[in-house]
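Just so it is clear, the structure is predicted and the values come from calculations on it, not from any experiment. Order of the sequence lines sets the chain letters (A, B, ...), proteins ahead of strands, with each chain counted from 1.
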Number of protein chains: 2
Amino acid sequence: MQDEGFLVKSAVSGEEGLALIKKEKIDLVLLDINLPGINGLEVCNRIKISEHIPVIILSCRDEDSDVISGLEIGAEDYIRKPFNHKELTLRVKKLLIRSGREEQSSIKTGKLLIKTDREEVYFNSREVKLTPMEYKLLEVLGNKVDWVMSWQVLLRKVWGYEDWEGGREIIKVNIRRLRKKIEPDPSQPVYLLTERGRGYKLAQL
Amino acid sequence: MQDEGFLVKSAVSGEEGLALIKKEKIDLVLLDINLPGINGLEVCNRIKISEHIPVIILSCRDEDSDVISGLEIGAEDYIRKPFNHKELTLRVKKLLIRSGREEQSSIKTGKLLIKTDREEVYFNSREVKLTPMEYKLLEVLGNKVDWVMSWQVLLRKVWGYEDWEGGREIIKVNIRRLRKKIEPDPSQPVYLLTERGRGYKLAQL
DNA sequence: CAATCCTGTGACAGTTCGGTAACAATTGTA
DNA sequence: TACAATTGTTACCGAACTGTCACAGGATTG
C-alpha cells in the first residue's frame, strides 16, 4: 500500500486500532476479522458507531454469513484472503473516491435536509443548529428513512450502549429536543413519528 | 435473542436440555459443547436420533476437529465463541427459514396484506394501525394461513404463557379487537374465522 | 327441552408508554 | 472562577394498551 502512495498506520489488535482511529485522522480502515482481543466484527461495529470511516473487511473465512454480517454491521466492502494486490488497491481507491463524493451525500425528506458530511441540518433551506447528540440521533433515523427503530436499536446505534433499562428515558428526552428544533409544531410531529410500543421513525414525505 | 422476538427456553445441562426438548415444541437448539454431564456432541447426537430439530453448536474450542465432528454428527451449523450477536441471529434465522419454521416476509390473503419485516398491516392498500399484541396475534395466525390454531397454541406463541386457564378470555377479546380493525363487518368475519371448539384461523381467500 | 359449553360483546380498571418540564451533572469557555 | 451549553435524570400527567369481568345468545349434548 505504501508503494502505491498511501500513508499507512497499522495496529496489531482491535483495541490498538480503535485508539489509533481516535487519535489520527484516518480515511479508510482495512480490518482483519481474526484479531487478538476484540472480535473484528465488533471493532467494525464500534468504528461505525463513532465515526464515518469506510471499512474493508479482510478474512479467510469465506462463508456467506460472514460477508453478510460484515456488511450488515456497516462495512463498505469485504475481501477474502488470499487476495491479490491489485484487487485490494482497486477496491481501496474506489472506496476513497466514493467516500470523497459521498460525503456530500445528503438525506432529504419534506423540507428537511441533512448534510451528513458536514453534519448540518436544514429546514426550509435555513440551517438548524443541532447539538452532537441530537444530530447523531437524527442521522441514525435518517439512514433508514421510514423505518421504525426501537429504543434498543437507537440506544445501540446512537449511544453505543448494549442493554440498559434507563435508555428509554434518554431517548424520550432527546426525541423531544429534536422535535422542538425541526418540527413546525412539536406537539403534532410530521417528521419524527412515534409508533407506540415499537419505536420512532423519520417519515419520508 | 429475546429482543429479536424469539421465544427462548434454556437448560443448564445436557440432561435438562434433552428433557426440555421432549416436553416442549422446540424449533431450534443452540448447543454448547462444554457441558456438565453429557458431552455436547453426545447431546447433539441424541437430538438427531429422536427429532428433526436443527442444531447450532457453540464452542470456544476452535480446532477444526471439533467443527468436523460437530457437523458430522448432524449439527446444521457451528459458531465459535466469542461470536457477535448479529452473526448468531442471522444464522439462526437462516436455519429457521430453511427448515420451514420461520415466517416469510409478507403474507397476503384477500385484501389483507401483512408485511412482517416492518410489522405493518394493510387492508385494501391502506395501512391499518394495530397495537403490538393485535399485530402479534395476527402474525401468528398468518404464519400458517388457513390452519386452525387452538387457544393453547395461540397463548404459547403470542403471549409465551404455557398453560393457563384464563387464557381463553384474553384471546376472545383480542380476536374481537382484531376483527374490529381488519374485518369489513366484524359481526360477519371473513378473514378471522372461528372454528367452534377448535380455535381460530386466518382464512386464505 | 333443559343444562351446559363456547363465543361474542361491551364496559371497566390497572398498567404501561410516551410527552413534557424542571432539575442536576458534566463539560467547555471566557 | 463564573457562566453557558450540552446531556442525563427524575417526576408527573394523560392517553393508549391490555387483561378481567359480566352477561347474552347460539350451539351442543344428554
| Counterpart residues, side chain to side chain contact (heavy atoms under 4.5 Å, CB included), relative to B:Val148 (two or more places apart) |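 Side chain to side chain contact (heavy atoms under 4.5 Å, CB included) check on B:Val148 returns B:Glu195, B:Arg198, B:Lys201.
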
Identify all pairs in which a protein N or O lies below 3.5 Å from an N or O of nucleotides 26-30 of chain D, and state each distance.
from   : atom 1 : to       : atom 2 : distance (Å)
D:dG26 : N2     : B:Arg196 : NH2    : 2.7

Rounded distance in Å - [atom1] ([X]) to [atom2] ([N]):
X: A:Arg198; N: D:dA16; atom1: CZ; atom2: P; result: 15 Å
X: A:Leu193; N: C:dG19; atom1: CG; atom2: C1'; result: 15 Å
X: B:Met133; N: D:dT20; atom1: CE; atom2: C1'; result: 15 Å
X: B:Lys172; N: C:dT9; atom1: NZ; atom2: C1'; result: 9 Å
X: B:Leu155; N: D:dG19; atom1: CG; atom2: C1'; result: 12 Å
X: A:Glu195; N: C:dG18; atom1: CD; atom2: P; result: 11 Å
X: B:Lys180; N: D:dT18; atom1: NZ; atom2: C1'; result: 13 Å
X: A:Leu178; N: D:dT7; atom1: CG; atom2: P; result: 11 Å

According to a strict under-4.0 Å criterion, is [X] in side-chain N/O contact with OP1 or OP2 of [N]?
X: A:Tyr200; N: C:dC17; value: no
X: B:Tyr161; N: D:dG19; value: no
X: B:Asn174; N: D:dT18; value: no
X: B:Trp151; N: C:dT7; value: no
X: A:Trp159; N: D:dT7; value: no
X: A:Thr194; N: C:dG19; value: yes

| field | Donor on one side chain, acceptor on other, B:Thr194 and B:Arg179, under 3.5 Å | value |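 Judged by distance alone, the side chains do pair up.
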
| request: Remember a base hit wins even if backbone is also touched, and classify A:Gly197 as base, sugar-phosphate or nothing at under 4.0 Å, heavy atoms. | output: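 Touches sugar-phosphate only.
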
Ignoring hydrogens and geometry, is there a side-chain-to-backbone donor-acceptor pair from [X] to [Y] under 3.5 Å?
X: A:Asp185; Y: A:Ser187; answer: yes
X: B:Asp146; Y: B:Gln204; answer: yes
X: A:Thr109; Y: A:Leu112; answer: no
X: A:Lys181; Y: A:Lys129; answer: yes

| query | Taking the side chain of B:Pro132 as heavy atoms from C-beta outward, which of D:dA11, C:dG8, D:dT18 is closest to it? | reply |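 Looking only at heavy atoms from C-beta outward on B:Pro132, the closest nucleotide is D:dT18.
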
| field | DNA chain D: 5'-proximal contact among B:Glu169 and A:Thr131 (nearest heavy atom) | value |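 Of the two residues, A:Thr131 wins.
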
| request: Determine the minimum heavy-atom distance between A:Val158 and A:Lys136, stating which atoms define it. | output: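 Closest approach of A:Val158 to A:Lys136, heavy atoms only: O-CD, 3.9 Å.
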
| query | Hey, do the aromatic rings of A:Tyr191 and A:Phe123 have their centres closer than 6.0 Å? | reply |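 Judged by ring-centre distance (under 6.0 Å), A:Tyr191 and A:Phe123 do meet the cut-off.
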
| query | 5'-most contact on DNA chain C: A:Arg168 or A:Arg177, nearest heavy atom basis? | reply |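 Mapping each residue to its closest nucleotide by heavy atoms, the 5'-most match is A:Arg168.
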
